[in-house]
*Asks:* 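Got a structure for you, written out below as structure tokens; questions coming shortly.
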Amino acid sequence: MANSPNKKNNYPNNIGIIMDGNGRWAFKNSFKVSEGHKKGVDIVRGIVEESVKQKINSLTLYAFSSENWKRPKAEINSIKKLVINAINDQVPELKKQKVKLKFFGHLDDFGKKIQDKISFAEKETCTTDSQLNLNVALGYGGQQDIIDIVKSVSKEVASERLNIEDIDGKIINEYSSVPVDEIDLLIRTGGDKRVSNFLLYQIAYAEIMFVDKFWPDFTRDDFSSCLNNFKKVSRRFGKRI
Ligand code: FPP
């Protein structure tokens, strides 16, 4: 099940990022929280470009967690608006760079306008020779995803379309909403050392790097340092080598 590193340069194939610290960055700089998220989207653009340049297979971003619904309505609305604006502004460039966009999570909770935008963005950027798979988690929680998988798989077993003995990692990935099977490198900015319900099943063997900077201060050089640090790590996947 374990992925091998990117053969061309020993960089990770699949990267996940918890982009934390937008609120604290805004507070530190006397901006509104929405400005922090806006700056956060600008940072994403550079990291996507660098990922294409470094031939990363996939980048999976935690844009909005299941728990983020507990935030003030104004902040939630500002993030929704940012997603729509990001799609409007970025899709032509993403298309040019052959970046394939995919959104996942409980997207139904975001209303028709965003869902239509998402379908448009996914259709526009759909390509068979993508340079990067850019996956954006919206209304996503790792525990919720596992619960959803258990429910779907149970239904298949109950209706005798699936044998219990045939349930394996492949089946779990098939029924998961997460578009990537396995994360090689998980980066979290913002200084906290936790995984906050992100890609719980997929990070089983991930290297985890905690960066002590707010997401709006995260640079392409910081990203390159993470990639270079990943190269130095010996990944054994339980084996003795
Ligand atoms: C965490 O910072 C960040 C978020 C909850 C939202 C991040 C969302 C974006 C950058 C928009 C992404 C959109 C696309 C289309 C990629 P925080 O507010 O939790 O920071 P804090 O811990 O300092 O409060």
Side-chain angles (χ1 to χ4, degrees), residues 15-52 56 58-95 97 99-107 109-110 113-122 124-125 132-142 179-180 186-199 210-219 222-223:
I15 301 177
I17 308 187
I18 302 175
M19 311 173 287
D20 198 19
N22 292 348
R24 280 167 289 162
W25 179 88
F27 186 73
K28 186 185 86 179
N29 292 291
S30 310
F31 292 136
K32 286 196 259 176
V33 175
S34 58
E35 290 297 318
H37 293 317
K38 194 160 178 270
K39 177 77 179 157
V41 176
D42 292 343
I43 300 299
V44 168
R45 200 176 314 143
I47 301 307
V48 167
E49 275 177 24
E50 192 60 29
S51 299
V52 172
I56 302 300
S58 77
L59 191 60
T60 304
L61 306 175
Y62 208 5
F64 194 93
S65 74
S66 313
E67 288 70 32
N68 285 152
W69 287 112
K70 295 176 195 148
R71 293 200 173 190
K73 220 168 168 201
E75 183 178 351
I76 294 173
N77 286 337
S78 78
I79 295 179
K80 283 183 180 175
K81 246 187 228 150
L82 269 179
V83 172
I84 291 182
N85 290 345
I87 290 175
N88 286 339
D89 298 345
Q90 297 304 314
V91 160
E93 183 56 37
L94 293 176
K95 226 174 138 174
Q97 292 183 67
V99 174
K100 188 176 178 181
L101 255 177
K102 174 86 191 148
F103 289 82
F104 67 100
H106 283 190
L107 304 176
D109 298 337
F110 284 83
K113 197 173 164 197
I114 293 204
Q115 285 182 69
D116 287 350
K117 258 298 160 215
I118 286 172
S119 303
F120 162 80
E122 290 181 347
E124 276 293 292
T125 60
L132 174 73
N133 292 292
L134 178 58
N135 308 316
V136 181
L138 275 186
Y140 168 83
V180 59
L186 176 68
I187 299 171
R188 180 184 185 132
T189 60
D192 289 323
K193 295 182 174 62
R194 51 180 178 251
V195 294
S196 296
N197 206 14
F198 192 43
L199 307 178
F210 297 104
V211 179
D212 203 5
K213 271 187 172 187
F214 298 140
W215 176 249
D217 290 328
F218 189 72
T219 63
D222 294 325
F223 186 58

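Ligands are counted one by one from 1 in listed order, and the atoms in each one are counted from 1 as well. The structure displayed is predicted, hence computed values, not measured ones.
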*Asks:* Quick one: nearest non-hydrogen protein atom to atom 4 (C) of ligand 1, plus distance?
*Replies:* His37 CE1, 3.7 Å
*Asks:* Checking the N or O distance criterion of under 3.5 Å, is ligand 1 in contact with Asn68?
*Replies:* no
*Asks:* Against ligand 1, does Val41 come closer than 4.0 Å with any heavy atom?
*Replies:* yes
*Asks:* How many angstroms lie between atom CG of Leu101 and atom NZ of Lys95, to the nearest 0.5 angstrom?
*Replies:* 12.0 Å
*Asks:* Compare Met19, Arg45, Lys39, Arg71 and give the one whose heavy atom is closest to atom 19 (O) of ligand 1.
*Replies:* Arg71
*Asks:* Side chain or backbone, does Gly21 bring an N or O within less than 3.5 Å of an N or O on ligand 1?
*Replies:* yes
*Asks:* Below 30° counts as parallel, above 60° as perpendicular, anything between as tilted: where do the rings of Tyr140 and Phe104 land?
*Replies:* perpendicular
*Asks:* Among all protein heavy atoms, pick the one closest to atom 6 (C) of ligand 1 and tell me residue, atom and distance.
*Replies:* Ala63 O, 3.2 Å
*Asks:* Could you check atom 22 (O) of ligand 1 against the protein and tell me its nearest heavy-atom contact, residue, atom and distance included?
*Replies:* Asp20 OD1, 2.9 Å
*Asks:* Does a donor on one side chain sit under 3.5 Å from an acceptor on the other, for Ser58 and Asn133?
*Replies:* no
*Asks:* I'd like to know if the side chain of Asn88 and the backbone of Asn85 have a donor-acceptor N/O pair within less than 3.5 Å.
*Replies:* no
*Asks:* Tell me the protein heavy atom at minimum distance from atom 15 (C) of ligand 1, and give that distance in Å.
*Replies:* Ala86 CB, 4.0 Å
*Asks:* For atom 10 (C) of ligand 1, is there a protein heavy atom at a distance under 4.0 Å?
*Replies:* yes
*Asks:* Can you check which of Arg24, Glu67, Gln90 brings a heavy atom nearest to atom 23 (O) of ligand 1?
*Replies:* Arg24
*Asks:* Measure across Pro216 and Asn22 and return the closest heavy-atom pair with its distance rounded to 0.1 Å.
*Replies:* CD-OD1, 3.3 Å
*Asks:* Could you check whether Asp116 and Ser119, counting side-chain N and O atoms only, form a donor-acceptor pair closer than 3.5 Å?
*Replies:* no
*Asks:* Which word best sums up how the rings of Phe64 and Phe110 line up, parallel for under 30°, tilted for 30 to 60°, or perpendicular for over 60°?
*Replies:* perpendicular
*Asks:* Are Asp42 and Arg45 close enough for a salt bridge, meaning some N to O gap below 4.0 Å?
*Replies:* yes
*Asks:* Between the candidates Gly23, Ala26, Gly36, which shows the shortest non-hydrogen contact distance to atom 20 (O) of ligand 1?
*Replies:* Gly23
